Amino acid sequence: MFDLQGFGALLLSGASVTIKLTITSLVIGMALGLLGATAKLSNIWLLRKIATVYTATMRGIPELLLVLFIYYGGSMLLMTILKKFGYNEYVEISAFWGGVMALSIAFGAYATEIFRMSIQEIPIGQREASQAIGMRPLQTFYRVTLPQVWQIALPGLGNLFLVLLKDTALVSVVGLKDIMYQSSRAAQSTQQPFTFYMAAAIIYLGLTMLITGFMMWLEWRANPAARYAKKLSRQTTHRQSTIG
């Protein structure tokens, strides 16, 4: 049942592609989320409206459709633009970058709301105090707001990170050689779909456990008060045991 019949290397190469796709989409999606949250909280009406339309639209479209729209529609749009400059050859967006764009845009829409709510959790008095001592708005954002936003937003971002990892499987429909693509190829070649889809599930589960552990570590690192309290508790317990 668990004989991979020489396809183990293909599954590992698919896992490598999945990890690269996840991390690249995460970085770009986080940047889009921060920009979107900043725009939603801006005093400029146009920026707020653009951010609202972006989040409402992207959260309402299934990620699979978004992948197909960007992969096929993006190639058509790119060729239309290039034709105006006299270039008539066929141009195709790669499956990897088409997937990155689709997943990043979807991740950014959800991250926008997480960042927005996290920023609003910070007392406005802190921003007013930083401005009172002469800090510019950009300095206030990076030195006062952003560190606290990171701590508040981590649990929500961790959940989105796990969803993003599983959503990478959707990009296999446009030919990206990720875990699902390689598993399907192996299953068709050996006529043993259960074995290879089970292997894919185990790989995804392993990656999910690694991400969960990493996010727990980040939450611990982002909360110095909790670390100090735990350290103080250990010291108190040690003293009591020594005295006893």
Side-chain angles (χ1 to χ4, degrees), residues 15 18-42 48 51-52 54-64 66 99-127 129-130 138 140-171 179 201-234:
T18 294
I19 292 170
K20 291 177 183 176
L21 178 62
T22 303
I23 293 175
T24 307
S25 302
L26 174 69
V27 172
I28 298 174
M30 291 269 284
L32 289 175
L34 271 175
L35 289 174
T38 304
K40 274 205 163 186
L41 297 173
S42 171
R48 294 200 307 271
T52 301
Y54 163 61
T55 54
T57 304
M58 292 304 106
R59 289 190 299 167
I61 298 177
E63 281 81 357
L64 178 59
L66 198 56
V100 165
M101 286 189 285
L103 296 177
S104 299
I105 291 171
F107 183 94
Y110 290 99
T112 292
E113 295 302 324
I114 291 177
F115 282 128
R116 179 184 64 81
M117 290 185 290
S118 300
I119 291 172
Q120 290 178 325
E121 284 289 319
I122 299 172
I124 193 171
Q126 294 189 16
R127 293 194 291 274
S130 62
L138 196 59
T140 301
F141 180 76
Y142 281 108
R143 295 185 180 183
V144 178
T145 304
L146 193 57
Q148 297 180 82
V149 165
W150 176 245
Q151 181 180 343
I152 298 169
L154 265 177
L157 292 176
N159 289 332
L160 283 185
F161 194 2
L162 294 175
V163 172
L164 174 64
L165 170 67
K166 291 181 285 187
D167 282 347
T168 57
L170 301 173
V171 190
I179 295 174
I202 292 172
I203 294 173
Y204 277 115
L205 182 60
L207 292 175
T208 298
M209 292 174 65
L210 287 175
I211 291 173
T212 301
F214 178 65
M215 295 306 299
M216 290 175 64
W217 178 80
L218 282 180
E219 289 182 32
W220 178 77
R221 289 291 301 172
N223 193 346
R227 296 204 309 273
Y228 179 75
K230 187 175 181 179
K231 180 180 178 181
L232 192 62
S233 176
R234 286 200 304 265

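These figures come from a predicted structure and were not determined experimentally.
- Contacts of Thr140 classified as side chain to side chain donor-acceptor pair (under 3.5 Å), with partners at least two apart in sequence or in another chain: Ser130.
- Among residues at least two apart or in separate chains, side-chain hydrogen bond (donor to acceptor under 3.5 Å, both in side chains) pairs with a member in residues 117-126 are Arg116-Gln120, Gln126-Gln148.
- The heavy-atom pair separating Ala15 from Ile203 by the smallest distance is CB-CG2, 4.0 Å.
- Applying the 6.0 Å contact sphere to CZ of Arg59 captures more than 12 heavy atoms from other residues, nucleotides or ligands.
- Looking only at distances, a side-chain donor or acceptor of Tyr54 sits under 3.5 Å from a matching main-chain atom of Ile105.
- When all heavy atoms of Ile28 and Ser104 are compared, the closest pair comes out as CB-OG, 3.5 Å.
- Leu154 is linked by a side chain to side chain contact (heavy atoms under 4.5 Å, CB included) to Trp150, Met215, Leu218, Glu219, Ala222, counting only residues two or more places apart in sequence or in another chain.
- Taking the side chain to side chain contact (heavy atoms under 4.5 Å, CB included) definition, one finds that Ala111 meets it with Phe107, Phe115, Leu157, Leu160, sequence neighbours left out.
- Legend: salt bridge (charged side-chain N to carboxylate O under 4.0 Å, His left out) pairs involving residues 201-212, not counting sequence neighbours: none detected.
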Extract all donor-acceptor atom pairs below 3.5 Å that involve side chains of residues 163-171 and protein atoms in other chains or at least two apart in sequence.
unit_1: Thr168; atom_1: OG1; unit_2: Leu165; atom_2: O; d: 2.5

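- Here the CG atom belonging to Leu26 is positioned 11.0 Å from the CG atom belonging to Leu103, to the nearest 0.5 angstrom.
- In this structure Lys20 satisfies the side chain to side chain contact (heavy atoms under 4.5 Å, CB included) test together with Ser16, Phe96, sequence neighbours excluded.
- For Tyr110 against Glu63, the heavy-atom pair with the smallest separation is CE1-OE2, 4.0 Å.
- Ala153 and Ile114 make their closest contact through CB-CG2, 3.7 Å (heavy atoms, listed as atom of the first residue, atom of the second, distance).
- Taking the side chain as every heavy atom from C-beta outward, Thr22 and Leu207 never approach each other to under 4.5 Å.
- Under the side chain to side chain contact (heavy atoms under 4.5 Å, CB included) criterion, Leu162 pairs with Thr208, Ile211, Thr212, not counting sequence neighbours.
- The minimum heavy-atom distance between Gly108 and Leu32, with the atom names listed, is CA-CB, 4.1 Å.
- Summarising the geometry of Val100 relative to Ser25, their closest heavy-atom pair is CA-OG, 3.6 Å, with the distance given to 0.1 Å.
- Looking only at distances, a side-chain donor or acceptor of Thr55 sits under 3.5 Å from a matching main-chain atom of Thr52.
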